[in-house]
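Step one of this worksheet: look at the structure below.
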Amino acid sequence: ENYISEIEAFKAKSKEEVEDFRVKYLGKKGILNQYFAEFKNVPNDQKKEFGQAVNNLKTAAQDKVQQLKEQMESKEEEKGIYGDLTRPGEPVEIGARHPISIVKNQIIEIFSNIGFNVSEGPEIEDDWHNFTALNLPEYHPARDMQDTFFIQTNPDVLLRTHTSSVQVRYMEENKPPIRTISPGRVFRNEAISARSHCIFHQVEGLYIDKDVSFADLKQTLLYFTKQLFGKSKIRLRPSYFPFTEPSAEVDIYWGLETETDYRITKGTGWLEIMGCGMVDPNVLRNCNIDPAEYSGFAFGMGIERIAMLLYQIGDIRMFYENDMRFLEQFKSSI
Ligand code: PHE
């Protein structure tokens with residue numbers, strides 16, 4: 001019994017110590033062999049008990065030696081790993097920012113350079129902020145322009161169809177001058193195809209102050225397209241939005257600028273990139289801003305469409321498929 005507790009308490013620092021331990025118990029002249037030699041002298045009635053005790057001691061010693069050997073080996077392995085300082089490093093995988101985030105951040109930076117802040121709002125909206133305040137009263141036919149996902153009707157709760165809802169919230173809470181852009185996810189009940197998706201991202205902008213004119217709008221958009229695309233040919237086509245008057249659609253001229261332009265310019269010519277216009281006086285009134293004192297402009301664009309142009313991506317669905325082969329291509333972008 002004393003031996004057993006001695007065995008259990010034993011700790012070895014080196015392979016040599018383990019070997020000494022093995023010889024002491026299990027060697028030819030070791031403690032165990034001495035006991036086995038003793039066996040013939042034990043009186044018959046004690047033989048059984050004696051034999052069991054010696055066998056127990058033997059297994060304890062064998063187990064301990066095995067255990068110590070394993071310990072020593074794993075110690076050596078560790079030494080091998082940490083000891084060799086010339087060992088090549090483990091590659092650390094770095095992720096890539098998603099192209100939607102890259103483009104969103106670029107747009108935010110361009111507008112923050114001319115004094116716009118960033119505002120955000122809820123994705124689940126009420127009827128007032130998504131429609132009514134934006135000059136789209138109930139039963140207005142223009143509501144059909146935006147295929148809405150309803151969560152609840154009467155009172156209506158819905159997934160916002162544009163981030164214009166954030167602009168309404170911002171006007172309700174802030175006094176002019178207002179310069180804000182609202183990036184965010186929007187939802188429309190549309191068939192999914194290469195060109196459109198039921199979930200996408202927008203950045204909408206709003207500028208309200210005294211004497212803001214359509215010329216200010218045009219110059220702001222010109223500055224923006226120059227900064228983002230490096231292209232400065234845009235045109236404003238008359239259009240209709242319930243919340244702006246007059247309204248326009250913005251096209252950018254996308255063509256081969258030089259003969260050496262290497263980009264695969266899939267779509268060339270005039271490409272539509274956003275909607276814009278002067279904020280309708282009704283909208284200002286709905287948000288407690290006096291249209292006699294203030295005027296302003298608003299614009300809105302889809303981030304996917306812009307990213308598709310910038311990176312020449314042919315299918316909007318690629319943004320949401322999480323295909324590493326696609327995402328990895330943006331590693332070098334910030
Ligand atoms: N809210 C419009 C849309 O989602 C875009 C827009 C914003 C148009 C502001 C004009 C002014 O389609």
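Ligands are counted one by one from 1 in listed order, and the atoms in each one are counted from 1 as well. Fair warning: this is a prediction, and the values are worked out from it, not measured in the lab.
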Given that the side chain starts at C-beta and the backbone is N, CA, C, O, which of these parts of Met278 lies under 4.0 Å from ligand 1, counting heavy atoms, or is it both or neither?
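The answer is neither.
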Does only the side chain of Ser247 get under 4.0 Å from ligand 1, or the backbone, or both, or neither? Count heavy atoms.
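For Ser247, no heavy atom sits under 4.0 Å from ligand 1.
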Can you sort out which atoms of ligand 1 are near [X], meaning under 4.0 Å from one of its heavy atoms?
X: Arg188; value: 3 (C), 4 (O), 12 (O)
X: Ser164; value: 1 (N)
X: Glu204; value: 1 (N), 2 (C), 3 (C), 4 (O), 5 (C), 7 (C), 9 (C)
X: Gly300; value: 6 (C), 7 (C), 9 (C)
X: Phe299; value: 7 (C), 9 (C), 11 (C)

Taking His129 for its side chain and Val168 for its backbone only, find out whether a donor-acceptor pair lies under 3.5 Å.
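Between the backbone of Val168 and the side chain of His129 there is no qualifying donor-acceptor contact (under 3.5 Å).
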Donor-acceptor check, side chain of Tyr25 to backbone of Gln62, threshold 3.5 angstrom: yes or no?
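Not at all, since once roles are kept as given, no pair shorter than 3.5 Å links the two residues.
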Is any N or O atom of Thr161, backbone or side chain, closer than 3.5 Å to an N or O atom of ligand 1?
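N/O-N/O distance below 3.5 Å does not exist for this pair.
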Candidate list Asp126, Ile124, Val186, test side-chain contact (heavy atoms from CB on, under 4.5 Å), partner Arg160, passing option:
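Exactly one pass, corresponding to Val186.
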Pick one: which of Asp147, Thr148, Leu159 meets side-chain contact (heavy atoms from CB on, under 4.5 Å) with Asn189?
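In the set Asp147, Thr148, Leu159, the residue that makes a side-chain contact (heavy atoms from CB on, under 4.5 Å) with Asn189 is Asp147.
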Examine Lys64 relative to Phe21 and say whether NZ or CZ is less than 6.0 Å from the centre of the six-membered ring and inside a 45° cone about the ring axis.
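The answer is no; the distance or angle limit is not met.
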Between Met308 and Ile316, which heavy-atom pair has the shortest distance, and what is it?
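Met308 and Ile316 have their closest heavy atoms at CE-N, 3.6 Å.
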Measure the distances from the heavy atoms of Gln202 to every atom of ligand 1 and state whether one is below 4.0 angstrom.
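Gln202 counts as a contact of ligand 1 under the 4.0 Å cut-off.
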Mark the output for Phe243 as yes if a heavy-atom distance to ligand 1 is under 4.0 Å, and as no if none is.
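Contact present.
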With under 30° as parallel and over 60° as perpendicular, where do the rings of Phe111 and Phe116 fit, or are they tilted in between?
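Phe111 vs Phe116 ring planes: perpendicular.
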As a check for students: among Ser239, Ala298, Gly205, identify the option with a heavy atom nearest to atom 11 (C) of ligand 1.
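It is Ala298 that holds the nearest heavy atom.
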